[in-house]
K.L.:
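Below is a structure I'd like to ask you about.
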2 protein chains.
Amino acid sequence: MPLEIPEVVINRLPLYARALAELAARGEQVVSSQTLGEMLEVTPAQIRKDLSYFGRFGKQGRGYNVQLLLAKLREILGLDRQWRVIVVGVGRLGQAIVEYGGFEPQGFHIVAAFDADPALVGKQVGRIRIRSVDELDEFLRREPVDIGIVAVPARAAQEVIDRLVAAGVRAILNYAPTTAHVPPDVAIRHIDPVIAMQSMTYHLKLRQGTSAK
Amino acid sequence: MPLEIPEVVINRLPLYARALAELAARGEQVVSSQTLGEMLEVTPAQIRKDLSYFGRFGKQGRGYNVQLLLAKLREILGLDRQWRVIVVGVGRLGQAIVEYGGFEPQGFHIVAAFDADPALVGKQVGRIRIRSVDELDEFLRREPVDIGIVAVPARAAQEVIDRLVAAGVRAILNYAPTTAHVPPDVAIRHIDPVIAMQSMTYHLKLRQGTSAK
């Protein structure tokens, strides 16, 4: 049954969890789908529909119990767990990823980082020593890894992702500016600021009209 | 008429443009919706439907002319233009953004960067000297800016975004891990690796079953 939940719904759940954590931190005990909707710019009807996939959380007209719903979402999403993460590609972007302080508090523990550049191998980035990408396959045979973050150049991305998938990594966060492919049993998300900006310039251009061409 | 195009369609157009640019670079002259669909993991029917919003690009059974369709998409998305971008928040992440080599070739020109930390102000990052965020409003009165990239801590994001919007910036790329709000005539996109990973742990957890709890 949980397999039938649409991907767009699953993608919204972490946003619900984050908003509920904010409400809990403020001491709120109950929240309406209206209020949650305003926080997230989702319609209340959408929120009720999304959450209905996972059971009955709210009493009609009473709103949702913040702590209960948050606990349930954290369980559904596995947010109460530690996840082991590696980073492949430790150039400027990869270094910023390794040193980013936002992953650890959310249970994403970076256990190793790899690069193909001999000049980078052995270098220390925060608490991580960069390993050669030649050690990747052996590392993955030895150590369990949940998520692979790929921050290599576009031309190298598919090969790196194939190696991660072949070694059993089942979730890929791809920062390389290319559409990489994974088998159906592997999850992949793309982080691409250029694509995000290009979808906004459509609106900017419309607004500025043809005179600005 | 162009205003009625669904946002999900607009968000896919830059991916079509990137795939077509790859095909053009390889010397391909014609592409079928099947091939394009395989490159992007979108169904051929979806591609035909998306592109039909903008006119008739393909002849039935003949595929799309790569160069013509690419040129049209570049025009629609404003990819043939230079866009002026500023970065607010130049900590580790902001510095990686300023130094990222992928923006400039796509027409996104970073013209200034701002931070609230006096220790950072005046520091050089690549070709950009970091300015005090106190200069932000005056800078925006003087200089045209198309896109504001926000890489400040979550608690500061909404205030910074409000200042950008008040000064006339009409597109925001938000890296702060929070759901920030903008008026309906402003475009916003969120780049959030934690949210992306949390939507994948749902799948990881399902796959690992209850034993791994």
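Per chain, numbering begins at 1; letters A, B, ... match sequence-line order.
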K.L.:
In Å and rounded to the nearest 0.5 Å, what is the OG to CG distance from B:S199 to A:N11?
P.N.:
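So the gap between those two atoms works out to 4.5 Å.
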K.L.:
Please look at B:E22 and chain A and tell me whether the side chain, the backbone, both or neither of the residue comes under 4.5 angstrom of a heavy atom of that chain.
P.N.:
side chain
K.L.:
If I measure from the heavy atoms of chain A, does B:I191 come under 4.5 Å with its side chain, its backbone, both, or neither?
P.N.:
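Just its side chain gets close to chain A.
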K.L.:
Applying a heavy-atom distance below 4.5 Å, give me the residues of residues 144-155 of chain B that approach chain A, sorted by number.
P.N.:
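B:D146, B:I147, B:I149, listed by number.
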K.L.:
For B:H190, which atoms come within 4.5 Å of any heavy atom of chain A: side chain, backbone, both, or neither?
P.N.:
neither
K.L.:
Which of residues 171-178 of chain A have a heavy atom under 4.5 Å from any heavy atom of chain B?
P.N.:
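Within residues 171-178 of chain A, the residues that come under 4.5 Å of chain B (heavy atoms only) are A:A171, A:I172, A:L173, A:Y175, A:P177, A:T178.
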K.L.:
In Å and rounded to the nearest 0.5 Å, what is the CD1 to CD distance from A:I188 to B:E41?
P.N.:
8.0 Å
K.L.:
Check for a donor-acceptor pair, side chain of B:R207 on one end and backbone N or O of A:D185 on the other, with a separation under 3.5 Å.
P.N.:
yes
K.L.:
Please give me the minimum heavy-atom distance between A:R189 and B:A196, naming the atom from each residue.
P.N.:
CG-O, 3.7 Å
K.L.:
Does any heavy atom of chain B fall under 4.5 Å from the side chain of A:V9, the backbone, both, or neither of them?
P.N.:
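Neither part.
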K.L.:
Which of residues 158-169 of chain B get closer than 4.5 angstrom to chain A, counting heavy atoms alone?
P.N.:
none
K.L.:
What part of A:L15 is in contact with chain B, defined as an atom under 4.5 angstrom from a non-hydrogen atom: side chain, backbone, both or neither?
P.N.:
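When you check distances to chain B, atoms from both the backbone and side chain of A:L15 fall under 4.5 Å.
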K.L.:
Does any N or O in the side chain of B:T201 come within less than 3.5 Å of the main-chain N or O of A:L77, such that one atom is a donor and the other an acceptor?
P.N.:
yes
K.L.:
Within this structure, what is the OG1-OH distance for the pair A:T179 and B:Y16, rounded to the nearest 0.5 Å?
P.N.:
11.0 Å
K.L.:
At their closest point, which heavy atom of B:Y100 faces which heavy atom of A:V194, and how far apart are they?
P.N.:
CE2-CG2, 4.4 Å
K.L.:
Counting heavy-atom pairs under 4.5 Å to chain B, which of A:E99, A:M39, A:R170 comes out on top?
P.N.:
A:E99
K.L.:
Taking C-beta and beyond as the side chain, do B:P14 and A:Y202 meet within less than 4.5 Å on heavy atoms?
P.N.:
no
K.L.:
Give, for atom CD of A:E7 and atom NE2 of B:H203, the distance between the pair rounded to the nearest 0.5 Å.
P.N.:
3.5 Å
K.L.:
What part of B:A96 lies closer than 4.5 angstrom to a heavy atom of chain A: side chain, backbone, both or neither?
P.N.:
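The side chain, not the backbone.
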K.L.:
Highest number of heavy-atom pairs under 4.5 Å with chain A: which of B:R18, B:H181, B:Q106?
P.N.:
B:R18
K.L.:
Does any N or O in the side chain of B:K205 come within less than 3.5 Å of the main-chain N or O of A:E75, such that one atom is a donor and the other an acceptor?
P.N.:
yes
K.L.:
Which residues from residues 82-94 of chain B are near chain A, with near meaning under 4.5 Å between non-hydrogen atoms?
P.N.:
B:W83, B:R92
